[in-house]
Number of protein chains: 2
Amino acid sequence: MLTKIGDKWTIFVVLSLDLLGGRARFSELERAVPGISQRMLSSTLKNLERDGMVIREVFPEVPPRVEYEMTELGRRLLHPTQGLVDWAKENWEQVREAQSRYDER
Amino acid sequence: MLTKIGDKWTIFVVLSLDLLGGRARFSELERAVPGISQRMLSSTLKNLERDGMVIREVFPEVPPRVEYEMTELGRRLLHPTQGLVDWAKENWEQVREAQSRYDER
DNA sequence: CTGTATCCCCGAGGATACTG
DNA sequence: CAGTATCCTCGGGGATACAG
């Protein structure tokens with residue numbers, strides 16, 4: 001469970017989707033999450049959809065358009081996730097210093 | 001950074017160490033974290049020590065005794081981590097249901 | 001545009017045995 | 001007791017090409 005959140009991209013996708021207003025199409029997310037591949041974005045979204053965190057909506061147009069929208073359940077994940085991000089921001093520097101000290105020995 | 005927390009064991013070790021009063025020896029942690037191997041406990045603790053989250057203290061006795069103590073920095077990680085655990089507890093059921101619905105199609 | 005299919009590599013991590 | 005050393009497997013995930 002926590003392992004799912006801990007995979008490489010889920011947190012970034014969730015946060016990006018939120019930043020984009022809770023709703024975005026595939027290509028927007030692709031641009032919003034630097035470094036993610038189509039393969040991993042697709043896979044991550046599929047998992048989020050399966051877990052009920054995101055709803056996938058297909059518009060039968062040409063060219064195709066697909067939008068992803070966060071559900072209430074997904075939005076609830078935002079707070080603990082943001083807590084983690086904040087923690088990282090606030091303590092990153094101290095961690096780096098600890099690592100430097102450790103590595104010098 | 002978040003990737004480190006996201007690895008398989010860090011969260012469990014941190015939470016267990018807290019449950020054990022913020023200080024415990026290797027074998028206590030081994031028992032407190034079901035399923036972890038010596039190899040992974042050792043490696044996880046080494047990373048936590050390097051990051052300044054934990055202090056390793058060796059007692060020159062026979063048989064050897066080593067104790068690990070959470071630092072203030074480590075303790076600060078507890079809150080966001082606990083937030084994640086709480087989230088999981090509260091929403092686990094809904095996620096399972098969403099998965100069932102998804103898998104039926 | 002929104003994916004899927006393939007191929008491939010690397011490292012996380014399990015099992016087991018050994019050591020100071 | 002508290003690890004380290006070795007071996008080995010498995011799957012996450014990158015790169016690239018292709019498809020509807």
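First the proteins, then the strands, lettered A, B, ... as listed; each starts at 1.
- Residues R76(B) and N91(A) meet the side-chain proximity criterion, which asks for heavy atoms closer than 4.5 Å.
- Between L41(B) atom CG and dA2(D) atom P there is a gap of 10 Å when expressed in whole angstrom units.
- Proximity of R56(A) to the phosphate of dG3(C): a side-chain N or O atom is located under 4.0 Å from OP1 or OP2.
- Per the geometry, CZ belonging to F26(A) stands 9 Å off C1' belonging to dC1(C), to the nearest Å.
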With a 3.5 Å cut-off and sequence neighbours excluded, list the donor-acceptor pairs that the side chains of residues 36-43 of chain B form with protein atoms.
| residue | atom | partner | partner atom | Å |
| --- | --- | --- | --- | --- |
| S37(B) | OG | M40(B) | N | 3.2 |

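- Atoms CG and CD1, on L84(A) and I11(B) in that order, are 7.0 Å from each other to the nearest 0.5 Å.
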Taking protein heavy atoms under 4.0 Å as touching, what does nucleotides 12-18 of chain D look like 5' to 3' if B marks base contact, S marks sugar-phosphate-only contact and - marks none? -BBB-B-

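- Between the CD1 atom of I5(B) and the P atom of dA12(C) there is a distance of 16 Å, rounded to whole Å.
- With dG3(D), dT2(C), dC1(D) as the candidates, the nucleotide lying closest to the side chain of S27(A) is dT2(C).
- One atom, CD of E61(A), and another, C1' of dC1(C), lie 11 Å apart when rounded to the nearest Å.
- Contact check for I55(B) versus E49(B): no side-chain heavy atoms found under the 4.5 Å cut-off.
- Residue pairs meeting the salt bridge (Lys or Arg N to Asp or Glu O under 4.0 Å) criterion with at least one partner in residues 94-105 of chain A, sequence neighbours excluded, are D103(A)-R50(B).
- In this entry the distance linking CG of N47(B) with P of dG3(D) reads 14 Å, nearest Å.
- Here the closest heavy-atom approach between residue M70(B) and residue L17(B) is recorded as CG-CD2, 3.2 Å.
- The shortest distance between the side-chain N/O atoms of K46(B) and the OP1/OP2 oxygens of dG3(D) is not below 4.0 Å.
- Within the nucleic acid shown, Y68(A) comes within 4.0 Å of sugar-phosphate atoms alone, with no base atom in reach, counting heavy atoms only.
- Atom CZ of R25(B) and atom C1' of dC1(D) are 7 Å apart (whole Å).
- With a 4.5 Å cut-off on side-chain heavy atoms, L77(A) and I5(A) count as touching.
- Taking the side chain of S42(B) as heavy atoms from C-beta on, and the options dG3(D), dC1(C), dG3(C), the nearest nucleotide is dG3(D).
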